[in-house]
Protein chains: 2
Amino acid sequence: MTDEDRRPPSRRIADQLREQIVQGGLKPGDRLPSERELAALHGAARNTAREAITILRNEGLVDAQHGRGAFVRQRPAFLRLGPARYSRRLRRETGLSPFRAELLQQGRQGHVDCTSVKRVRPPEDVAERLGVSSKTKTVVERENWYFAEDTPVQVCWTYIPVGIAAGSVLARNADLGTGSIYARLEDQGYPLASIREEITARMPTPVEVKGLATSPGVPVIELLHTSYDPEGVAFEVTRFVMRADVMTLDYTVPIEQ
Amino acid sequence: MTDEDRRPPSRRIADQLREQIVQGGLKPGDRLPSERELAALHGAARNTAREAITILRNEGLVDAQHGRGAFVRQRPAFLRLGPARYSRRLRRETGLSPFRAELLQQGRQGHVDCTSVKRVRPPEDVAERLGVSSKTKTVVERENWYFAEDTPVQVCWTYIPVGIAAGSVLARNADLGTGSIYARLEDQGYPLASIREEITARMPTPVEVKGLATSPGVPVIELLHTSYDPEGVAFEVTRFVMRADVMTLDYTVPIEQ
DNA sequence: CAGTGGTCTAGACCACTCA
DNA sequence: GAGTGGTCTAGACCACTGT
């Protein structure tokens with residue numbers, strides 16, 4: 001009656017499949033009926049069955065694979081990133097970068113590829129946070145790709161004022177050594193005292209879909225990180241783009257009275 | 001040559017429109033050519049032009065309106081939510097809830113609707129954080145809808161152990177009074193000392209699309225908030241679901257040495 | 001090879017918006 | 001009423017995956 005029948009067929013088919021997924025009749029990893037099967041089953045055209053599956057893909061519930069079928073999406077083990085990864089103690093004890101240290105704590109493995117280091121004009125929002133001009137090449141940009149067990153999970157671009165990076169390994173694409181980037185920034189006279197992180201989410205661009213091996217229906221988290229020294233001077237900004245399906249951010253913050 | 005021509009027509013049309021959008025030839029709020037116009041323009045079927053627009057919608061770049069056309073999406077003014085909104089000082093000075101206090105600071109207006117208060121069995125993850133059983137009705141659940149200038153921006157479900165809420169206004173759907181929920185929790189002997197927030201993003205469910213008046217192509221941020229008293233006892237958990245297109249989370253966190 | 005999803009065509013009717 | 005997006009049909013060919 002009522003709503004049930006007013007729904008267009010593609011919605012009805014989608015709703016029915018979704019029901020089976022959330023109820024557990026279709027489990028993560030299970031294959032859905034093929035588009036042609038679904039169409040025959042519901043007395044509809046194949047495009048209509050296809051539209052139903054598209055709806056579920058856009059909700060992130062289903063993952064279609066060319067030539068294989070459409071599958072109930074598996075949520076990979078979640079990575080957690082919290083501010084604890086920036087602590088000097090952790091850096092000293094493990095000698096690792098924040099990302100790898102955090103992964104290690106969770107009993108996982110990962111690596112980071114630095115794909116480019118160059119001097120650039122900073123984006124507007126980065127320039128603002130660093131207090132430098134966005135008109136000229138005032139910063140060093142380092143591009144990094146992060147992998148957990150060989151699957152890409154995030155990209156980032158780190159911006160460091162030229163005055164801080166110049167002459168140090170920070171301005172070159174070379175091994176950053178023990179303790180990674182924050183240890184080198186400390187060497188330059190900028191110990192990390194506090195961070196600001198601004199977070200939002202959006203759909204990935206086509207480039208990001210390719211690079212992060214994600215699929216439509218999976219958003220990305222965009223995080224703008226700023227590092228401050230004990231005097232409150234911003235000395236580094238990083239823009240992260242993370243696969244939302246594998247990432248949880250985790251903040252514990254004292255509340256000022 | 002090469003890649004340009006191997007792309008299917010729908011992609012080519014989408015890429016071309018995207019180019020115009022990011023270059024600025026098509027500005028936020030501008031109407032795209034109609035599906036029929038696009039089809040004629042490219043010598044393709046209407047469905048092909050439509051597919052191109054669907055691609056852009058799924059990227060969150062375009063918003064289609066039945067009977068009116070497809071428009072380059074306007075990013076509404078961003079709301080910022082930071083931990084500062086939980087400070088007792090702000091609560092005392094304004095007498096407002098964290099949400100309205102934060103909005104006020106940004107020169108904006110909003111309101112909150114509490115749509116239900118009942119005793120329930122807590123979800124697994126909530127029970128875990130509160131240290132209560134998820135088998136029985138150990139918590140009071142309060143559902144709230146948040147509006148900024150009359151547009152819905154987030155929903156949340158707040159869970160308070162029955163032992164803390166019972167007998168107080170927290171267990172009833174009534175005006176919470178000056179300072180709102182955290183003032184009442186303080187009255188009950190639980191002043192807020194620190195918070196933990198766990199953040200991820202995903203596509204909205206159909207119910208959320210309807211309730212938050214968002215459209216496909218706009219993800220939601222899911223935030224699990226836990227409140228701790230000075231002894232580190234968790235006394236309240238809230239699950240937020242926020243429209244990612246209007247929301248930025250903003251954390252400033254000291255780094256432990 | 002058969003079966004799958006990816007894409008396209010050329011129509012059709014409906015529901016909505018706006019003048 | 002004209003124009004828009006929303007949905008559907010019944011075909012077709014391609015590209016990919018598996019056996």
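Per chain, numbering begins at 1; letters A, B, ... match sequence-line order. Owing to the predicted nature of the structure, the values given are computational and were not obtained by experimental measurement. Basis for what follows: all heavy atoms, side chains included, without hydrogens, waters or symmetry-related copies.
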Decide, yes or no, whether a salt bridge links B:Asp125 with B:Arg239 under the criterion of side-chain N to carboxylate O below 4.0 Å.
yes
Is the shortest side-chain N to carboxylate O distance from B:Arg12 to B:Asp15 below 4.0 Å?
no
Among all residues two or more places apart in sequence or in another chain, which pass the side chain to side chain donor-acceptor pair (under 3.5 Å) test with A:Thr200?
none
Residues in side chain to side chain donor-acceptor pair (under 3.5 Å) contact with A:Arg80, at least two apart in sequence or another chain
A:Asp250, B:Glu198
Whole Å only: how far is the [atom1] atom of [X] from the [atom2] atom of [N]?
X: A:Arg50; N: C:dC8; atom1: CZ; atom2: C1'; value: 11 Å
X: B:Glu37; N: D:dT4; atom1: CD; atom2: C1'; value: 10 Å
X: B:Arg31; N: C:dT17; atom1: CZ; atom2: C1'; value: 12 Å
X: B:Ile13; N: C:dT7; atom1: CD1; atom2: P; value: 13 Å
X: A:Leu38; N: C:dG3; atom1: CG; atom2: P; value: 17 Å
X: A:Asp15; N: D:dT7; atom1: CG; atom2: P; value: 12 Å
X: A:Arg7; N: D:dC8; atom1: CZ; atom2: P; value: 12 Å
X: A:Glu51; N: D:dG5; atom1: CD; atom2: P; value: 16 Å

State whether B:Arg57 places a side-chain N or O below 4.0 Å from either non-bridging phosphate oxygen (OP1 or OP2) of D:dG5.
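No, B:Arg57 has no side-chain N/O under 4.0 Å of OP1/OP2 on D:dG5.
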Presence of B:Ser34 side-chain N/O under 4.0 Å of D:dT4 phosphate oxygens OP1/OP2
yes
For nucleotides 9-19 of chain D, give me one character per nucleotide, 5' to 3': B if any protein heavy atom sits under 4.0 Å from the base, S if the only such contacts are to the sugar-phosphate, - if neither.
BB-B--BBSS-
As an exercise, state the distance from CD of B:Glu102 to CZ of B:Arg108, rounded to the nearest 0.5 Å.
11.5 Å
Given side chains that start at C-beta, do those of A:Met242 and A:Leu79 come closer than 4.5 Å, heavy atoms only?
no
Choosing from C:dG5, D:dC8, D:dG6, which nucleotide comes nearest the side chain of B:Glu35?
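That would be D:dG6.
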B:Ala64 side chain, from C-beta outward: closest of D:dT7, D:dG6, C:dT7
D:dG6
Which of these passes ring-ring contact (aromatic ring centres under 6.0 Å, His included) with B:Phe99: B:Phe240, B:Tyr86, B:Phe147, B:Tyr146?
B:Tyr146
